[in-house]
Amino acid sequence: MPLQRVRFAEAVPEVFRASLQDIRREQEVPAEFPPEVTAAALTAAQNARLPELDRTDLEFVTIDPPDSMDLDQALHIERTGDGFTVYYAIADVAAFVQSGDPIDAEARRRGETLYAPDKRTPLHPPELSEGAASLLPDQVRPALLWTITVDATGEMTGVTCERALVKSRAKLNYAGVQKDLDAGTASESLQLLREVGKLREQRELERGGVNLPIPDQEIVTSNHGWGLEFRAPLPVEGWNAQISLLTGMAAAQLMTKGKIGILRTLPESHDDLRRKLGNTAKALGIVWADEATYAEFIHGLDPKVPAHAAMLAACTVLFRGAGYTAFDGTVPSSPQHAAMKAEYAHVTAPLRRLVDRWAGEICVALSAGVDVPAWVRESMDEIPKIMDDADRRAHAYERSIVSMVEAGLVADQVGAEFDGVITDVDDKENTRGIVALTKFAIEGRVTGAALPLGQQVRVKLVEADIAKRTVAFELVG
């Protein structure tokens with residue numbers, strides 16, 4: 001199964017360090033920022049373009065992993081009548097970066113932040129992404145302030161997006177917020193996050209949307225060798241994600257109404273994908289009823305169960321083929337993100353994803369009823385190409401890391417036999433395919449006479465090379 005953003009519970013073992021360096025060299029992952037970019041970031045940090053609107057009265061907080069410093073989003077929720085008002089502040093990168101400046105040029109070259117177990121390769125210099133532009137606690141920051149009204153059922157009823165000064169009151173983490181919610185000591189805003197989050201999850205299920213609660217996946221060592229452990233996401237992580245999704249849908253609504261924007265789109269999945277995921281479910285011992293849809297099946301998975309966690313990781317394939325669609329004057333004929341069953345746009349992570357800066361500028365203009373800035377209109381057609389290339393590079397980087405780790409998990413077991421299920425067979429040569437092991441949450445290449453698609457098999461591990469990042473099996477019998 002594909003592992004997403006592999007983490008090590010302790011320091012990265014020496015056996016993987018050289019391979020990680022090889023991967024970065026092969027994938028041409030950027031190293032340090034050029035001196036002129038760092039210098040421009042230092043200057044920009046002292047010369048932000050600040051808005052007139054002051055909303056530092058709103059008691060925002062950020063909720064992120066404990067070690068995060070690139071804080072894109074801050075949240076505050078109030079009850080309004082029988083509904084809610086969601087205030088969502090998003091870091092205003094355009095307050096520091098101008099089109100064509102050295103920071104912008106380097107960001108266009110990078111496209112997005114890249115993640116590896118031993119380091120993060122940021123989109124923007126840390127002087128901005130972890131400093132002046134980050135929504136750090138007790139600091140007044142320029143932001144794009146989303147004000148979204150939601151009714152008692154969780155449906156969005158109104159949206160505005162405007163520039164404002166904000167101040168986060170606290171840098172919170174998921175475990176701490178969940179603990180406070182469970183103990184009944186959380187603030188009213190965080191209690192409303194739970195309420196609104198649950199309502200939005202229900203709306204998602206009803207429309208047939210999919211939001212994968214991908215577990216954290218850690219490689220741990222013991223006296224028995226390598227092992228893979230899953231940490232199920234906390235409920236608050238899902239509720240927090242629902243606020244980001246709500247904002248992305250609100251952005252898409254502004255864009256489609258204004259007939260200009262950059263949407264995140266995804267075509268409907270095909271029958272072959274359902275078949276492959278069905279075979280993976282079978283390998284993991286999970287029943288997928290014939291009448292159950294993707295959404296119903298995924299919503300029924302429990303990420304606290306290891307087999308279900310592995311299945312959720314495998315289901316990330318549902319999002320392959322997603323892209324960006326820019327339009328100006330005519331709404332695309334297929335504007336929907338098929339997995340979400342809704343129109344959607346990326347606007348909530350501008351410190352880590354290039355497209356969000358353009359999308360945010362479009363929404364601010366549309367919300368105010370003014371012209372979209374010329375620099376946005378002139379360059380927006382380039383952004384899908386930049387982001388598609390960045391996504392491709394990010395996926396290749398992560399796939400290489402996953403392959404390295406999978407090889408490490410079974411490197412000392414070459415010659416051993418395992419139970420598994422054939423999840424895919426080459427269309428042109430039925431002696432080559434993919435096997436998913438029942439014991440480990442990994443897949444590998446397999447060869448054998450007339451591989452039986454979807455069937456339980458016995459395979460022998462014939463190769464597991466960390467340096468080459470390869471795992472291969474042969475059919476037994």
Find out whether [X] and [Y] are in side-chain contact, i.e. whether some heavy atom of one side chain is under 4.5 Å from a heavy atom of the other.
X    : Y    : result
R275 : D424 : yes
Y88  : T147 : no
R110 : H124 : no
L351 : D356 : no
I148 : T85  : no
F96  : P142 : yes
L263 : Q336 : no
R163 : L145 : no

>> Assess the residue pair R352 and D72 against the criterion (salt bridge (Lys or Arg N to Asp or Glu O under 4.0 Å)); give the C-alpha distance rounded to whole Å, side-chain angles, the decisive distance to 0.1 Å, and a yes or no.
In response: CA-CA 8 Å; R352 293 168 285 164; D72 287 290; 2.5 Å; yes
Is it the case that [X] and [Y] place a side-chain donor and acceptor less than 3.5 Å from each other?
X    : Y    : answer
R169 : T56  : no
T149 : T157 : yes
H346 : Y324 : yes
T247 : T348 : no
W358 : S379 : yes
R24  : Y397 : yes
Q202 : E206 : yes
Q27  : S400 : yes

>> Among residues at least two apart in sequence or on other chains, which ones pass side-chain contact (heavy atoms from CB on, under 4.5 Å) with R357?
In response: V93, A94, V97, D104, A107, L354, W375
Do [X] side-chain atoms and [Y] backbone N/O form a donor-acceptor pair below 3.5 Å?
X    : Y    : value
S168 : P137 : no
E237 : L234 : yes
K171 : S68  : yes
D388 : K385 : no
T293 : E296 : yes

On a heavy-atom basis, which atom in [X] and which in [Y] lie closest, and how many Å separate them?
X    : Y    : answer
A89  : A143 : CB-CB, 4.1 Å
I77  : V196 : CG2-CG2, 4.3 Å
L135 : R141 : CD2-CB, 3.7 Å
P30  : L114 : CD-CD1, 4.4 Å
V331 : T256 : CG2-O, 3.5 Å

>> Before you tell me yes or no, could you show the steps for D328 and K259 under salt bridge (Lys or Arg N to Asp or Glu O under 4.0 Å), namely the whole-Å CA-CA distance, both residues' side-chain angles and the distance that decides it to 0.1 Å?
In response: CA-CA 6 Å; D328 188 354; K259 297 183 179 180; over 6 Å; no
>> Applying salt bridge (Lys or Arg N to Asp or Glu O under 4.0 Å) to E343 and R264, what does each step give before you reach the verdict?
In response: CA-CA 8 Å; E343 285 81 35; R264 182 66 163 164; over 6 Å; no
> Going through the distances and angles, do T121 and Y115 end up as a side-chain contact (heavy atoms from CB on, under 4.5 Å)?
Replying inline: CA-CA 6 Å; T121 304; Y115 297 89; over 6 Å; no
>> If the threshold is 4.0 Å, N to carboxylate O, is there a salt bridge linking E106 and R109?
In response: yes
>> Check D70 with R120, please: is the shortest side-chain N to carboxylate O separation under 4.0 Å?
In response: yes
>> Using the rule side chain to side chain contact (heavy atoms under 4.5 Å, CB included), only one of P384, S334, P335, P332 pairs with T325; which is it?
In response: P332
> Of the options E361, E378, R108, which is the one that meets S99 in a side-chain hydrogen bond (donor to acceptor under 3.5 Å, both in side chains)?
Replying inline: R108
>> Working note: T185 + K179, criterion side-chain contact (heavy atoms from CB on, under 4.5 Å); need CA distance, chi angles, decisive distance, verdict.
In response: CA-CA 9 Å; T185 58; K179 181 179 178 181; over 6 Å; no
>> Walk me through whether R393 and D391 qualify under salt bridge (Lys or Arg N to Asp or Glu O under 4.0 Å).
In response: CA-CA 5 Å; R393 288 185 281 111; D391 284 350; over 6 Å; no
